[in-house]
Amino acid sequence: MSDAAATIAPDARPRLPHGVRLVNNEAQGGLVLLAPERVFKPDPIAAEILKRCTGELSLAQIVDDLADSFSAPRERVLTDVTALLRSLADKKLLEL
């Protein structure tokens, strides 16, 4: 996938689509992403990103918040967040 194809608009407001939920599941050991007939166990960083994908915050706001929260370089956070969101959107687990 080219960088252009992976780009997400800074004002995009990522959200979980109808039928997909992020829930705490003690049997799975923490947060899981539930989709019809599928369950995904996000790693701790992915979970922090997903918690912010409510449709209220823009991509730019999510990246800024994560960069501040984890004292990480914004460009690195943008690259990582964009890659995760694009991957989830390609699997129909996220709307952009």
Side-chain angles (χ1 to χ4, degrees):
M1 177 182 300
S2 71
D3 288 339
T7 300
I8 300 172
D11 62 345
R13 296 186 181 274
R15 59 182 233 110
L16 300 178
H18 181 72
V20 178
R21 299 177 299 149
L22 184 66
V23 297
N24 191 21
N25 184 317
E26 291 185 28
Q28 295 281 339
L31 291 174
V32 293
L33 193 57
L34 297 178
E37 300 182 24
R38 299 181 286 176
V39 176
F40 296 88
K41 174 78 173 108
D43 66 34
I45 294 169
E48 286 299 321
I49 296 167
L50 286 167
K51 286 185 213 175
R52 291 162 171 82
C53 293
T54 62
E56 295 174 16
L57 298 176
S58 68
L59 172 62
Q61 290 170 313
I62 291 169
V63 168
D64 289 342
D65 184 41
L66 289 165
D68 289 344
S69 296
F70 295 98
S71 300
R74 189 184 189 285
E75 286 306 312
R76 174 62 191 259
V77 173
L78 176 61
T79 299
D80 293 348
V81 169
T82 299
L84 175 70
L85 297 185
R86 174 59 57 205
S87 173
L88 291 171
D90 290 347
K91 294 177 177 101
K92 308 292 188 228
L93 296 171
L94 191 75
E95 294 176 349
L96 297 174

Would you say I45 has more than 12 foreign heavy atoms packed within less than 6.0 Å of its CD1? no
Test: side chain to side chain donor-acceptor pair (under 3.5 Å). Region: residues 37-53. Which pairs qualify, not counting sequence neighbours? E48-K51, E48-R52, R52-D65
Sequence neighbours left out, what passes salt bridge (Lys or Arg N to Asp or Glu O under 4.0 Å) with R13? Give chain and number order. none
Exercise answer: donor-acceptor pairs, residues 17-33 side-chain atoms, under 3.5 Å, sequence neighbours excluded:
unit_1	atom_1	unit_2	atom_2	d
N25	OD1	A27	N	2.9
N25	OD1	Q28	N	3.0

List the atom of L96, the atom of P14, and the distance in Å for their closest heavy-atom pair. CD2-CB, 4.0 Å
Not counting sequence neighbours, which residues clear salt bridge (Lys or Arg N to Asp or Glu O under 4.0 Å) with D64? List them please. R74
Can you name the side-chain contact (heavy atoms from CB on, under 4.5 Å) partners of L59, sequence neighbours left out? I8, V63, L78, V81, T82, L85
S87 side-chain N/O to A83 backbone N/O, donor-acceptor pair under 3.5 Å: no
Sub-4.5 Å side-chain heavy-atom contact between L50 and L88: yes
Can you list the residues that meet the side-chain hydrogen bond (donor to acceptor under 3.5 Å, both in side chains) rule with T54, with sequence neighbours excluded? none
Which residues satisfy the side-chain hydrogen bond (donor to acceptor under 3.5 Å, both in side chains) test with S58, sequence neighbours excluded? Q61
Applying side-chain hydrogen bond (donor to acceptor under 3.5 Å, both in side chains), can you list everything that pairs with K92, at least two apart in sequence or on another chain? none
